[in-house]
Amino acid sequence: MRIGIGYDVHKLVEGRPLILGGVEIPFSKGLLGHSDADVLVHAVMDALLGACALGDIGHHFPDSDQRYKGISSLKLLAHVQELIKAQGYKLGNLDSIIVAQRPKLKPYLEEMRLNIAQVLNADPNNISIKATTTEHLGFEGREEGISAQAVVCLINI
């Protein structure tokens, strides 16, 4: 069994779609990044990679590489899944949280959960995605950005 933790944050900007957990969410701003800037999936990938001591997403998918410009983070997650499988592990469970003052994310959490479960070939009942605000405190509370954290438990295949 291996445990990993992941964290990611991206700035909210106008002119970009807001994608979280592979779901495009209607909002006036989106997240700035080289890929689709999906903070939830990025945190999950870092947790998976960390659990196997394989570095972080910046090592595997550098923002200097044009192959990853605008790419769906779910495609990157599929690659990470293969790396984890090659190490002899699969997801046991995932617990994650998205921190955003707005928009309200509850209507989209189930679709996010199913997207991630499908890519990781995991039982959706082993995946938890939560959302919270910071009661207007910090950069998330000022709606300057969104962050996400994830913890995974990997088990032997």
Side-chain angles (χ1 to χ4, degrees), residues 2-63 68-81 84 91-120 122-154:
R2 308 284 300 250
I3 306 295
I5 185 169
Y7 173 79
D8 195 39
V9 60
H10 283 275
K11 181 179 181 178
L12 279 165
V13 296
E14 293 182 8
R16 287 203 35 126
L18 178 58
I19 299 171
L20 296 169
V23 178
E24 188 166 340
I25 298 166
F27 193 57
S28 60
K29 295 180 180 180
L31 294 170
L32 182 62
H34 186 66
S35 66
D36 63 5
D38 186 330
V39 293
L40 174 61
V41 174
H42 292 185
V44 170
M45 288 190 291
D46 267 349
L48 293 166
L49 291 166
C52 286
L54 294 174
D56 62 19
I57 62 173
H59 172 78
H60 291 273
F61 313 109
D63 62 8
Y68 307 122
K69 185 165 179 63
I71 194 169
S72 166
S73 293
L74 291 177
K75 289 183 180 180
L76 303 178
L77 181 60
H79 179 75
V80 169
Q81 164 67 8
I84 299 310
L91 183 71
N93 74 299
L94 159 67
D95 188 21
S96 61
I97 188 161
I98 305 165
V99 183
Q101 193 63 44
R102 284 188 323 128
K104 294 298 182 194
L105 299 174
K106 185 176 181 181
Y108 309 100
L109 297 178
E110 181 64 13
E111 187 177 356
M112 292 179 202
R113 192 167 75 103
L114 294 175
N115 285 346
I116 291 171
Q118 181 177 9
V119 172
L120 295 178
D123 182 342
N125 292 320
N126 293 336
I127 295 177
S128 170
I129 301 173
K130 304 175 298 290
T132 192
T133 71
T134 61
E135 302 296 330
H136 301 283
L137 297 173
F139 70 88
E140 298 105 332
R142 292 187 301 270
E143 299 181 28
E144 296 171 3
I146 294 176
S147 68
Q149 297 178 33
V151 177
V152 298
C153 174
L154 301 182

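- Across all their heavy atoms, I98 and L109 have their closest contact at CD1-CD2, 4.5 Å.
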Show me, pair by pair, the donor-acceptor contacts under 3.5 angstrom made by side chains of residues 42-54, not counting sequence neighbours?
unit_1: H42; atom_1: ND1; unit_2: D8; atom_2: OD2; d: 3.0
unit_1: H42; atom_1: ND1; unit_2: H10; atom_2: NE2; d: 3.3
unit_1: H42; atom_1: NE2; unit_2: S35; atom_2: OG; d: 3.3
unit_1: H42; atom_1: NE2; unit_2: S73; atom_2: OG; d: 2.8
unit_1: D46; atom_1: OD1; unit_2: I57; atom_2: N; d: 2.8

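- Between F139 and V9, the closest side-chain pair of non-hydrogen atoms falls below 4.5 Å.
- Here the straight-line distance linking atom CG of L114 with atom CD1 of I129 works out to 8.5 Å at 0.5 Å rounding.
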### Message
For V41 and N115: C-alpha separation, side-chain torsions, deciding distance, then whether side-chain contact (heavy atoms from CB on, under 4.5 Å) applies.
### Response
CA-CA 10 Å; V41 174; N115 285 346; over 6 Å; no
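- Take H34 and apply the side-chain contact (heavy atoms from CB on, under 4.5 Å) test, not counting sequence neighbours, and it matches D63, Q66, Y68, K69.
- Between L18 and L31, some side-chain heavy-atom pair lies under the 4.5 Å cut-off.
- E24 pairs by the side chain to side chain donor-acceptor pair (under 3.5 Å) definition with nothing, not counting sequence neighbours.
- E110 meets the side chain to side chain donor-acceptor pair (under 3.5 Å) test with R113; sequence neighbours excluded.
- Here the side chain of D38 pairs a donor or acceptor atom with the backbone of G21 at under 3.5 angstrom.
- When the shell of 6.0 Å around CD of E144 is examined, it contains more than 12 heavy atoms from other residues, nucleotides or ligands.
- Using a 4.5 Å cut-off on side-chain heavy atoms (C-beta onward), V80 and F61 make contact.
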### Query
Checking side-chain contact (heavy atoms from CB on, under 4.5 Å) for the pair N126/L94: CA distance, chi angles, key distance, verdict?
CA-CA 6 Å; N126 293 336; L94 159 67; over 6 Å; no
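- One finds the CG atom of D123 at 11.0 Å from the CG atom of N93 (value rounded to the nearest 0.5 Å).
- Here the shortest heavy-atom pairing between I25 and M112 reads CD1-CE, 3.7 Å.
- Here OG of S147 is found 11.0 Å from CG of L40. Values are rounded to the nearest 0.5 Å.
- Between S72 and D36, the shortest heavy-atom contact is CA-OD2, 3.3 Å.
- For residues 125-141, every residue pair satisfying the salt bridge (Lys or Arg N to Asp or Glu O under 4.0 Å) rule, not counting sequence neighbours, is listed here: D95-K130.
- Here side chain to side chain donor-acceptor pair (under 3.5 Å) pairs that include residues 48-60, with residues two or more places apart or in two chains, number zero.
- With sequence neighbours left out, K104 forms a side-chain contact (heavy atoms from CB on, under 4.5 Å) with T133.
- Nearest approach of A100 to L105, heavy atoms of both residues: CB-CD1, 4.4 Å.
- Inter-residue side-chain proximity for L154 and L91 is flagged as met; some heavy-atom pair is nearer than 4.5 Å.
- Taking K106 as the reference, nothing meets the side-chain contact (heavy atoms from CB on, under 4.5 Å) condition, with sequence neighbours excluded.
- Residues passing the side-chain contact (heavy atoms from CB on, under 4.5 Å) test with E143 are F27, Q101, R102, sequence neighbours excluded.
- Between L32 and L12, every side-chain heavy-atom pair lies at or beyond the 4.5 Å cut-off.
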